[in-house]
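These notes are about the structure you will find just below.
Hydrogens, waters and symmetry mates are skipped; everything else that's a heavy atom, side chains included, is used.
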Amino acid sequence: MSSHSWMRRRQKDDVEKSMTAIRRADFLPEEVRHLADLDEALPIGFSQTNSQPRTVKSMLQLLEVRPGHKILDVGAGSGWSTGLLGHLVGEQGRVIGVELVPELVNRANAALDTYGMPWIEVRQASRGELGLRGDSPFHRILVSAEADHLPESLIEQLHMSGIMVIPVRGEMLRVEKRPNDVAVTRHGPFSFVPLR
């Protein structure tokens with residue numbers, strides 16, 4: 001097995017373990033918690049959804065998270081993806097989720113608090129301002145809302161060789177920042193709420 005294949009296999013295993021350790025049900029409203037094992041998006045209020053597990057798994061595998069990484073989770077919603085990322089980076093890492101809806105920010109942090117991972121948090125996002133420029137650069141950026149174009153402001157917040165996974169116009173993109181350019185690969189159709 002090549003080292004690249006081995007790393008890909010290990011990444012897949014790590015994502016599977018995080019999805020077992022950080023339970024989706026803990027991040028869902030009471031009325032849909034019994035549906036947590038279904039592989040479909042579930043409503044969490046405020047016209048937002050908790051993405052289907054298969055989609056989240058695909059995005060996390062594309063992101064290639066490593067222990068110790070500093071990660072930005074844009075459109076954190078319920079906080080489930082923030083928790084999964086926190087499990088993947090471990091206590092030497094840092095994960096900051098941002099979410100526009102104050103009630104979801106509070107709910108997400110309450111759910112995350114039960115896992116005892118002080119290196120993760122969800123913050124209130126500012127409308128019209130993408131990401132957290134003051135906390136950048138980030139090794140990885142996960143965007144769980146659909147953009148109508150690739151946001152230059154988020155690319156600027158990546159470390160050199162950093163990776164962002166983001167849905168743009170219905171297609172999942174993996175974006176890698178390089179010294180002289182940005183490498184973009186396409187990974188199939190996906191549907192998300194709009195990035196605002």
Side-chain angles (χ1 to χ4, degrees), residues 4 7-8 10-19 21-22 27 51 55-100 104-106 108-126 128-145 147 150-168 172-185 187 192 195:
H4 186 70
M7 283 301 289
R8 186 168 285 173
R10 183 178 157 206
Q11 180 66 32
K12 193 173 180 182
D13 289 347
D14 288 348
V15 169
E16 295 276 3
K17 285 177 190 167
S18 74
M19 294 184 88
I22 309 297
F27 296 85
S51 297
T55 299
V56 174
K57 187 184 297 186
S58 296
M59 293 177 79
L60 293 179
Q61 288 170 355
L62 287 172
L63 205 57
E64 297 180 21
V65 176
R66 302 277 182 267
H69 272 166
K70 181 180 178 185
I71 301 183
L72 176 64
D73 184 18
V74 178
S78 69
W80 185 43
S81 55
T82 311
L84 294 169
L85 290 165
H87 187 269
L88 288 166
V89 301
E91 61 186 58
Q92 302 305 314
R94 179 97 173 94
V95 182
I96 307 172
V98 288
E99 170 56 48
L100 273 174
L104 291 179
V105 172
N106 294 336
N109 281 317
L112 290 168
D113 284 349
T114 67
Y115 282 92
M117 295 190 286
W119 58 93
I120 60 178
E121 65 175 310
V122 176
R123 294 185 193 168
Q124 177 72 50
S126 301
E129 182 185 329
L130 269 182
L132 288 172
R133 194 173 295 276
D135 291 271
S136 66
F138 298 95
H139 297 103
R140 301 289 187 266
I141 298 178
L142 179 69
V143 183
S144 298
L150 194 53
E152 188 64 37
S153 62
L154 288 180
I155 294 172
E156 289 169 0
Q157 293 175 53
L158 277 173
H159 262 288
M160 194 57 64
S161 303
I163 295 170
M164 173 168 62
V165 173
I166 177 171
V168 177
M172 192 63 69
L173 304 185
R174 180 185 182 275
V175 180
E176 185 174 352
K177 187 175 185 177
R178 296 177 174 177
N180 299 312
D181 66 356
V182 173
V184 178
T185 55
H187 299 273
F192 281 84
L195 182 64

Are Pro151 and Val143 side-chain neighbours, meaning at least one heavy-atom pair lies under 4.5 Å?
-> no
Can you name the closest pair of heavy atoms from Ile22 and Trp80 and give their distance?
-> O-NE1, 3.0 Å
Would you check if Met164 and Lys177 make a side-chain contact, meaning some heavy-atom pair closer than 4.5 Å?
-> no
Determine the minimum heavy-atom distance between Gly79 and Leu112, stating which atoms define it.
-> O-CD2, 3.6 Å
CA sep, side-chain torsions, deciding dist, call: Thr82, Leu85, side-chain contact (heavy atoms from CB on, under 4.5 Å) | CA-CA 5 Å; Thr82 311; Leu85 290 165; 5.7 Å; no
Closest approach of Glu176 and Arg174, non-hydrogen atoms and distance?
-> OE1-NH1, 3.6 Å
Met117 CE to Glu91 CD distance, which is reported to the nearest 0.5 Å = 11.5 Å
What distance do Asp135 atom CG and Lys70 atom NZ have between them, rounded to the nearest 0.5 Å?
-> 5.5 Å
For Phe138, does its backbone N or O pair with a side-chain atom of Gln157 as donor and acceptor, under 3.5 Å?
-> no
Ile155 side, atom CD1; Leu130 side, atom CG - distance, nearest 0.5 Å = 11.5 Å
Heavy-atom side-chain proximity of Leu158 to Ile141 below 4.5 angstrom | yes
What is the minimum heavy-atom distance between Gly162 and Arg140, and which atoms define it?
-> CA-NH1, 4.1 Å
Gly86 and Ile120 have their tightest heavy-atom pair at CA-CG2, 3.4 Å
Separation of Leu60 CG from Leu142 CG (nearest 0.5 Å) | 6.5 Å
Any donor-acceptor pair under 3.5 Å from Gln124 side chain to Leu100 backbone | yes
Atom pair CG (Leu63) and CD1 (Ile71), whose distance is rounded to the nearest 0.5 Å | 5.5 Å
Side chains of Gln92 and Pro67: closer than 4.5 Å at any heavy-atom pair?
-> no
Determine whether Arg94 and Glu121 make a side-chain contact, defined as any pair of heavy atoms from C-beta on separated by less than 4.5 Å.
-> yes
Measure the spacing between OG of Ser18 and NZ of Lys57 and express it to the nearest 0.5 Å.
-> 9.5 Å
Write down the atom of Ser153, the atom of Arg133, and the distance for their closest heavy-atom approach.
-> CB-NH2, 3.4 Å
